[in-house]
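Hydrogens, waters and symmetry mates are skipped; everything else that's a heavy atom, side chains included, is used.
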Number of protein chains: 2
Amino acid sequence: MMLMDDLEQARLTREGISIVTTAKTGPKTRARFRREAPEDRRRQLGEAALRCIVKHGNAGVSVRQIAAEAGVTQGLITHHFGEINELVAYAFDIMSEGILQSILKAVNEAEPTPKARLDAFIAASFSPIMMDRDVLGVWVVFWSLILHSPRMSASQRQEYGDYVRTVEGLIGDLAREEGFAVADLRLAAIAFTALMDGLWLAWCLNPDAFRPEEGVRLCNNWIEGLRRGAHG
Amino acid sequence: MMLMDDLEQARLTREGISIVTTAKTGPKTRARFRREAPEDRRRQLGEAALRCIVKHGNAGVSVRQIAAEAGVTQGLITHHFGEINELVAYAFDIMSEGILQSILKAVNEAEPTPKARLDAFIAASFSPIMMDRDVLGVWVVFWSLILHSPRMSASQRQEYGDYVRTVEGLIGDLAREEGFAVADLRLAAIAFTALMDGLWLAWCLNPDAFRPEEGVRLCNNWIEGLRRGAHG
DNA sequence: AGAAAAATTATACGATCTTATAACAAGCAG
DNA sequence: CTGCTTGTTATAAGATCGTATAATTTTTCT
């Protein structure tokens, strides 16, 4: 999962020392540990959760597996998050924010014209970082939770809103620059978002269906329809 | 889950008799049962699986829960499907086929003009039967399996192909009738499918984002773009 | 230095899950 | 009516899961 590479860090490998010393020093030695700021620990656990979900899908959402992945004991998750669902929701926030930031970075590095910025947005959305089945694997787990958990649902509403507003800005700027009209900017942004998400989903489920470049072209065609007043 | 209503049947409620009679007749009484044709039983189990997934999401995919839902014992699932994933894959086939048939029925009941048929297709895709979060709940479980199981992946490829070809036919007929050109019909169908799926997904995750009628309008706008040569 | 606070380990408990296996019963063939 | 096939129940074994609780170590603060 390429998106995660940035986030990954050298993580604490739990020392087997306690086991070795147990025989020597006595039966009551404990594993040594480093105490970390709650904020850091929470993030470590969140990233470990993402890695587990990538590797094992829904089955990866487990206190024991995530704790092992993070190199800590199970109780730590209870301590920092209370119940495991809270940890997963936190992981969802990390993931969402990471993706949006990654795309926004590409947009802001483009030339400051509306067209160039929109192109960068589309290109970033179909870059290898996004066209990754593992990312869908994670997303799918989140979706199923969103449907049942109010906490997750609230996060999703927030992230989706941010995303659509971003698209709204990009499209609005283009329309102003090129002088065409859009009847309902918010709805147009929703449609464009849906088109991109739908293409991404279809590709992840069946990468043979079309090539990413074709996805980019189809998005540009939608923009072309907007230019020609299809949403007037 | 409205789509399931058609499939639901009065199901065997397991008699507690065996427990009661145990005290009277002796310790060795067994539950009475009806023997059914493997084909029937498999379908019953498949439908029970769908009901469980609707109710409990991923957690519903469990031998015990599905067996209880179907009013049989656990061993029966092992007997008919071997491992549980095979049962879920079977449930996926039932579901996919049901949805496509449901939409095609609406299309074929419309007036035989390309425009009317396409309208019916869109309307059916945004009808209350489809705009149901429970349906996404089931689909999400399937997607996660598609990513990991070749068996499920093969089914998905087949269903997706059928779906896109249907859209291709509808759009192609309209283009011919109205006399506009489409450069790549297959790609256009993929885009339109993605737009509809993306809107459906967004709505299911967050029903407050837009109304189904607005979804229909956004689809029509896309068609309007096609008319105006955005995909030429 | 020493005590208080907070992070972390360690462990246990009860529930649920998957799979395997043996016993039983329903329906069909003769 | 009898016996065979197999759908079905019943039960057990072993793994894993979530959460609670107590003991211990690290860090901080005075």
Side-chain angles (χ1 to χ4, degrees), chain A residues 11-19 21-22 25-45 48-49 52-53 56-88 145 149, chain B residues 11-19 21-22 25-45 48-49 52-53 56-88:
Chain A
R11 72 193 87 105
L12 303 170
T13 52
R14 182 106 167 288
E15 310 123 321
I17 295 179
S18 62
I19 300 174
T21 50
T22 299
T25 323
K28 288 193 173 180
T29 44
R30 272 202 160 203
R32 287 180 39 260
F33 59 90
R34 247 187 68 204
R35 189 174 184 159
E36 309 215 4
E39 180 187 320
D40 295 341
R41 198 55 111 183
R42 284 169 62 90
R43 173 156 270 265
Q44 287 171 18
L45 290 171
C52 282
I53 296 176
H56 309 109
N58 296 300
V61 181
S62 140
V63 175
R64 286 174 155 79
Q65 286 190 49
I66 296 173
E69 174 72 30
V72 299
T73 51
Q74 332 167 51
L76 205 51
I77 290 179
T78 303
H79 182 255
H80 284 289
F81 292 94
E83 67 170 354
I84 191 174
N85 292 333
E86 202 60 30
L87 165 54
V88 177
L145 296 173
S149 149
Chain B
R11 71 195 89 107
L12 305 169
T13 53
R14 179 103 168 290
E15 309 123 321
I17 294 178
S18 61
I19 300 174
T21 48
T22 297
T25 324
K28 289 194 173 182
T29 43
R30 275 202 159 204
R32 273 148 89 242
F33 60 90
R34 248 186 68 206
R35 187 174 184 157
E36 310 215 3
E39 181 186 319
D40 295 340
R41 198 55 112 181
R42 285 169 64 90
R43 174 157 267 266
Q44 286 173 19
L45 290 171
C52 282
I53 295 175
H56 309 107
N58 296 301
V61 181
S62 140
V63 174
R64 284 176 151 78
Q65 286 191 50
I66 296 173
E69 174 73 30
V72 299
T73 50
Q74 331 167 56
L76 204 51
I77 290 178
T78 303
H79 179 58
H80 283 290
F81 292 94
E83 68 169 351
I84 192 174
N85 291 332
E86 201 60 29
L87 166 55
V88 178

Quick note, B:H80 side chain, CB onward, closest among D:dA10, C:dA7, D:dG7 is D:dG7

Where do B:L45 and B:F81 come nearest, in terms of heavy atoms and distance? CD1-CE1, 3.8 Å

Specify the separation, in whole Å, of atom CD of B:E39 and atom P of D:dG7. 13 Å

Roughly how far apart are A:S62 OG and A:Q74 CD, rounded to 0.5 Å? 8.5 Å

For the student: nearest non-hydrogen atoms of B:I77 and B:A67, plus distance: CD1-N, 3.9 Å

Over how many whole Å does the gap from A:R34 atom CZ to D:dT24 atom C1' extend? 19 Å

Roughly, in whole Å, what's the span from CD in A:Q44 to C1' in C:dT8? 13 Å

Tell me the salt bridge (Lys or Arg N to Asp or Glu O under 4.0 Å) pairs involving residues 71-82 of chain A, sequence neighbours left out? none

Measure the distance from CG on B:L76 to P on D:dT9 and round it to the nearest whole Å. 6 Å

Find the distance between OG1 (A:T73) and NE2 (A:H79) and round it off to the nearest 0.5 Å. 11.0 Å

Short N/O separations, protein against nucleotides 15-19 of chain D, under 3.5 angstrom:
from	atom 1	to	atom 2	distance (Å)
D:dC17	OP1	A:S62	OG	3.3
D:dC17	OP1	A:Q65	NE2	3.0
D:dC17	O5'	A:S62	OG	3.4
D:dG18	OP2	A:V63	N	2.7
D:dG18	N7	A:R64	NH1	2.6
D:dG18	O6	A:R64	NH1	3.4
D:dG18	O6	A:R64	NH2	3.0

Quick one: B:E36 CD to C:dG27 C1', roughly how many Å, whole number? 13 Å

From CZ of A:R41 across to P of C:dA7 the rounded distance in Å is 11 Å

Base D:dA23 to side chain A:R30, donor-acceptor N/O within 3.5 Å cut-off: yes

Phosphate oxygens OP1/OP2 of C:dA7: is one of them under 4.0 Å from a side-chain N or O of A:H79? yes

Picking from A:R41, A:Q44, A:E39, what satisfies side chain to side chain contact (heavy atoms under 4.5 Å, CB included) with A:H80? A:R41

Provide, to the nearest angstrom, the distance between the CG atom belonging to B:L87 and the P atom belonging to C:dT19. 12 Å

Smallest heavy-atom separation, B:I66 atom then B:C52 atom, equals CA-SG, 3.6 Å

Please give, in whole Å, the distance from C:dA6 P to A:D40 CG? 18 Å

